[in-house]
Amino acid sequence: MKFVSIVSSGASRLGVMLDGERVLDLAKAEPNAAFADLISLIEAGDAGLEAARRLASAAPPSAVVKLADVTLQAPIPSPRKNVFCVGRNYIEHVEEGYRARGTEVKLPEYPQFFTKPRTAVVGHGATVPLHANVTAMLDYEVELAVVIGRGGVNIPIESALDHIFGFTIINDVTGRDVQRRHDQWFKGKGLDGTCPMGPWVVERGDVSDPQALDLSLKVNGEVRQSSNTKHMIFPIARIISELSLGLTLEPGDIIATGTPSGVGYAMTPPRPLKAGDVMTLEIEQIGTLENRVGN
């Protein structure tokens, strides 16, 4: 199943995608169930999933709307925590970064974590601010993101994938010069509206192998990034396990797993985003996330 958050009749609703570009409004279909939002459904565990599956298999017409008639939000519009992110997790991206800085390549020995605040989160179709008064080097990053289902702490790597609810797409939009100016990642990656997410969350069982997914990013139709999740330095299971050491992961937590090569700042000459640019991200078995850069 693909879970979406939509704005319908002025309210935020949790839905399930149906055939024919239709959306089942779960709260309308069964008002007494735990369908207030995606985190509520995740916290309901297997019972919540089964209820959603039952409703989707026999969707009441009164609870079905056309996707074209609603606005998509991020699947989790306001996460309870910052979005966890992994930096420098594809070898070619690490190499291009060192080349751009003119320094010797050194691969990370452990996952490098940072976060993006929830004020950065926007949905498919939303406008990403250019932040021209803050950065002159706004950049893009296509990333596979994991949504945690069953929480835990000190999660063994052998069972880490069992803690996943599903997968979505994140664009880790970054002010590169701000990142360098502050000599850390959070500020340059935490600007408002710079974490497009979506268009939906795909249930874990509907993704055959998260470590074998093609992913790409286009700017105005030009392919800038193209790779496969098999090229991650640290696979998803290790990311979850390492992040959970002494740090409790909870249902609905989101982890972006890193980006491949092809980012704008590492090009010769650098090619930052500009007003009007359209970023189109695709990940196999997940979908397409598209956002335009504003002024």
Side-chain angles (χ1 to χ4, degrees), residues 1-8 14-24 38 56 65-77 83 85 90 116 120-128 138-147 164-174 193-232 236 254-264 273 276-294:
M1 287 186 290
K2 297 175 180 176
F3 293 95
V4 293
S5 291
I6 61 173
V7 177
S8 179
L14 175 64
V16 173
M17 290 299 302
L18 303 175
D19 293 340
E21 295 291 291
R22 299 174 302 141
V23 180
L24 171 64
L38 184 54
V65 295
K66 294 179 181 178
L67 182 61
D69 292 339
V70 297
T71 299
L72 279 176
Q73 298 177 294
I76 300 177
V83 175
C85 302
Y90 286 74
K116 293 175 80 81
V121 173
V122 294
H124 171 80
T127 298
V128 173
L138 197 69
D139 209 349
Y140 51 79
E141 294 187 358
V142 59
E143 309 204 9
L144 175 66
V146 171
V147 178
I164 296 173
F165 173 83
F167 301 92
T168 189
I169 306 171
I170 277 181
N171 187 351
D172 179 12
V173 178
T174 304
T194 59
C195 188
M197 181 192 308
W200 38 62
V201 169
V202 177
E203 185 185 350
R204 180 187 67 185
D206 291 338
V207 175
S208 56
D209 181 357
Q211 292 298 168
L213 300 176
D214 289 334
L215 70 169
S216 66
L217 182 146
K218 299 175 184 176
V219 177
N220 302 326
E222 174 193 1
V223 177
R224 297 281 187 90
Q225 295 183 281
S226 181
S227 189
N228 188 285
T229 55
K230 68 183 179 182
H231 297 303
M232 287 182 186
I236 294 166
I254 303 158
I255 308 170
T257 58
T259 198
S261 62
V263 295
L273 292 165
D277 281 348
V278 176
M279 301 171 287
T280 305
L281 290 65
E282 296 185 30
I283 299 184
E284 184 182 3
Q285 299 182 34
I286 308 296
T288 301
L289 172 66
E290 187 167 279
N291 298 85
R292 181 181 297 272
V293 180

Expected output: side-chain [X] to main-chain [Y] donor-acceptor under 3.5 Å:
| X | Y | result |
| --- | --- | --- |
| Lys116 | Cys85 | no |
| Arg292 | Val278 | no |
| Gln225 | Thr259 | no |
| Tyr140 | Asn171 | no |
| Asn291 | Gly123 | yes |
| Thr229 | Pro210 | yes |

Practice prompt. Please examine the side chains of Val65 and Ile6, heavy atoms only from C-beta on, and report whether any two atoms are closer than 4.5 Å.
Written response: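 The answer is yes, as the side chains (C-beta and beyond) meet within the 4.5 Å cut-off.
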
Fill in: Student check: side-chain heavy atoms of Val142 and Ser216 closer than 4.5 Å
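A side-chain contact is absent here, since even the closest heavy-atom pair is not under 4.5 Å.
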
I need the [X] [atom1] to [Y] [atom2] distance, nearest 0.5 Å.
| X | Y | atom1 | atom2 | answer |
| --- | --- | --- | --- | --- |
| Asn228 | Glu284 | CG | CD | 7.0 Å |
| Lys2 | Leu18 | NZ | CG | 11.0 Å |
| His231 | Leu215 | NE2 | CG | 9.5 Å |
| Leu213 | Lys230 | CG | NZ | 11.5 Å |
| Asp69 | Glu21 | CG | CD | 12.0 Å |
| Phe167 | Ile254 | CZ | CD1 | 13.5 Å |

Discussion item. So, applying side chain to side chain contact (heavy atoms under 4.5 Å, CB included) with His124, which one of Leu281, Val4, Leu72 is it?
Written reply: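 Running side chain to side chain contact (heavy atoms under 4.5 Å, CB included) over Leu281, Val4, Leu72 with His124 returns exactly one hit, Leu72.
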
Item to complete: Apply the side chain to side chain contact (heavy atoms under 4.5 Å, CB included) test between Pro75 and each candidate in Val201, Val147, Leu14, Ile169; give the one that qualifies.
Response: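 Checked Val201, Val147, Leu14, Ile169 against Pro75; only one passes side chain to side chain contact (heavy atoms under 4.5 Å, CB included): Val201.
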
I need the minimum non-hydrogen distance between [X] and [Y], along with the two atoms involved.
| X | Y | answer |
| --- | --- | --- |
| Val128 | Pro196 | CG2-CG, 3.6 Å |
| Val121 | Met197 | CG1-CE, 4.0 Å |
| Glu143 | Thr257 | OE1-N, 3.6 Å |
| Gln285 | Asp206 | OE1-O, 3.6 Å |
| Met17 | Val23 | SD-CG2, 3.7 Å |
| Val83 | Cys195 | CG2-SG, 4.4 Å |

Discussion item. Checking Tyr90 against Met232 for the side chain to side chain contact (heavy atoms under 4.5 Å, CB included) test, could you report, in this order, the C-alpha distance in whole Å, the side-chain angles of both residues, the deciding distance, and whether it holds?
Written reply: CA-CA 5 Å; Tyr90 286 74; Met232 287 182 186; 3.6 Å; yes

Practice prompt. Evaluate side-chain hydrogen bond (donor to acceptor under 3.5 Å, both in side chains) for Glu290 paired with Thr280, printing each intermediate quantity in order.
Written response: CA-CA 4 Å; Glu290 187 167 279; Thr280 305; 2.6 Å; yes

Item to complete: Could you go through the side chain to side chain contact (heavy atoms under 4.5 Å, CB included) check for Val293 and Val173 one step at a time?
Response: CA-CA 10 Å; Val293 180; Val173 178; over 6 Å; no

